[in-house]
Amino acid sequence: MTDASQVTVNRPSTFKSSAFTRIAAIARNAFREAVRDRVLYNLVFFVLLLTAAAIFLGELSGGQERKIIVDLGLSAMLLFGVFISIFVGVGLVYKEIERRTIYAIFSKPVGRGEFLVGKYLGLCLTLLVNVVVMGLGVSLALIYVSRGWDPLALTIWPAVMLIYVELMILTGVAMLFSAFSSPALSALLTFFIFIIGHFSTDLKSLATSMGTAPARWFFGALYYLLPNLSNFSYITPAAHGVRPPLALAITSIVYAVLYIAIILAAATLVLNRRNFK
Amino acid sequence: MSSLRITGVEAALLGFVAVGLMSVVLLSRFIDQHRPVTDPAVAEESLYLNGNTVRRLSLGFNGLAADWYWMRSLQYVGGKVINTPNISLDNLGALNLKLLAPLLDSATTLDPHFLEPYQYAAIVLPAVNIDEAIRITTKGIEANPSEWRLYQHLGYIYWQKGDYQTASEMYGRGAQNPQAPAWMMAMKAKMAAEGGSRSTAREIYTRMLEQASDPDVQKMARAHLLQLASLDQRDLITRVLNDYKQKMSACPSNWQVIAPTLNALKLSLDRTGTPFDPAGYPYLLKTDSCSVELNPNSDIPPF
């Protein structure tokens, strides 16, 4: 039985506060479970990668170590995060169903939406720890190759935040798929969403360049309905010391929050329709 | 806790892993030694994907892909240069670097704000394909109109081409940028008035040395500055030799004879009066032709 089934519920003073407590308990347990599953071990590979890059790039990059460390570090952060989001995200709900521990959870006063949101936040917390440690690693590597303080060590953080927001969306997508499909298929579908999400500019140009109205509608709908992950791609400018404009960063975060809320609502709907009797 | 004692089977398995790994290393070395020589046509095959396609496929990792293409460009040139160690970076035309333009083009398409490949294109490409060098640098200016350095690079390409008027125009356009240093405007005038002169070349390479972050580019600029200084010195020495020959109707038999005159010209001499080039090597006196030559061991590239 996993920890999520051992959720203890304090006596609620109001419905709102008790829901929060339940979600927090599930999130905490999901985080512990991820840590116990050695998800954070990827940090070791990340540190090794950055250390090797910091040592060897000087000879290979023609004086461009700083840019390449940022590109490499933030890209690795995104890639490792995508793998964690997908492979841990698709298993969060499925494992509980497979091990039948979900019955024990739902026998307690825990709503299905609360369960989903709790699991989601638990994985987001894992990703946050991952992203923050990796961000610190990149900053330290920059300070090392610059032989002293480097302003890039600070200016990369808005891009790090946008990477994290992108991973939050992807985690939501993985959970939505895992609410009605097998882990393998969910992982595949989530990966497709990651790819298509970065092709959104092409979807938009396809929508405008198509000859027939139905085709234009189809690609237009895909463009607006699928998550536009290119909104969060700020790695390349970050390597040049460019921060995302504040207005763009805020609207991208609002877009992400809205999108995540929609995904989790849809996942809750799907989970509510499932029969666990 | 499991026991640290190793059973016979485990020892055999460990031994097998160790022997197996050693065999793999030996076998790999054997295969590498007996690998047929790569067909140059295959090694120089055009890139399958152009920069725009790679940009689409890069899923937000376009900065990293640009870095990859940049490092491939350096390795590609480095791999060819390694067999001709004393060749100058701006004189690689004989090395058949036909993949360099597509590699730099891809790097700059993937990350149009990555300035280093533009500089590399401006320095290395003109000897290989000057039209591509102009096209890539112009593309860089379109993507980074506020970068005055790109105008400097384009001016340098036109200067190498011998088109001093267009070079002057490029320096002038770059000088209009509020962040451009004052010498860009001076360069515009100098290029228009005396584009082919040695002092213009000295100015170009001094500015290049100041701004380049690539050690190879710095090395090349430094070599050109030494070469220009050496040319000035050789002009002085030749004048002294000609004066002596005119007066004495013979060439000096050794450096000692004209040492006081050379010393007065502030050339660095050793005890025997032999002048040294800017790299610290003694010049050679050719008494048969009454001329001065660079020492073959000198780091200064021959003109």
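All heavy atoms count here, side chains included; hydrogens, waters and symmetry mates do not. Below, read A as the first sequence line, B as the second, and so on, with proteins coming before strands; counting in each chain starts at 1.
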(message) Looking at Glu10(B), I want to see if its CD is surrounded by more than 12 non-hydrogen atoms of other residues, nucleotides or ligands under 6.0 Å.
(response) yes
(message) Please classify the contact of Leu59(B) with chain A as side chain, backbone, both or neither, using a heavy-atom distance under 4.5 Å.
(response) both
(request) Verify the neighbour count for atom CZ of Arg243(A): are there more than 12 heavy atoms of other residues, nucleotides or ligands below 6.0 Å? (result) no
(request) Count the heavy-atom pairs under 4.5 Å between each of Asp111(B), Leu115(B), Leu110(B), Asn62(B) and chain A, then report the option with the highest count. (result) Asp111(B)
(request) Measure the CD1-CH2 distance between Ile68(A) and Trp70(B) for me, rounded to the nearest 0.5 Å. (result) 8.5 Å
(request) Measure across His113(B) and His240(A) and return the closest heavy-atom pair with its distance rounded to 0.1 Å. (result) O-CE1, 3.2 Å
(request) Give a yes or no on this: more than 12 heavy atoms of other residues, nucleotides or ligands lie within 6.0 Å of atom CZ of Phe218(A). (result) no
(message) If I measure from the heavy atoms of chain B, does Ile235(A) come under 4.5 Å with its side chain, its backbone, both, or neither?
(response) side chain
(message) Rounded at 0.5 Å granularity, tell me how far CD in Gln64(A) sits from CG in Asp67(B).
(response) 8.5 Å
(request) Hey, could you give me the CG/CH2 distance between Leu72(A) and Trp68(B), rounded to the nearest 0.5 Å? (result) 11.5 Å
(message) Need one label for Phe114(B): side chain, backbone, both or neither, based on atoms under 4.5 Å from any heavy atom in chain A.
(response) both
(request) Specify the closest pair of heavy atoms between Gly63(B) and Asp71(A), including all atoms of both residues, with the distance to one decimal. (result) O-OD2, 3.3 Å
(request) Under 4.5 Å heavy-atom distance to chain B, tell me which part of Ser230(A) shows up: side chain, backbone, both or neither. (result) neither
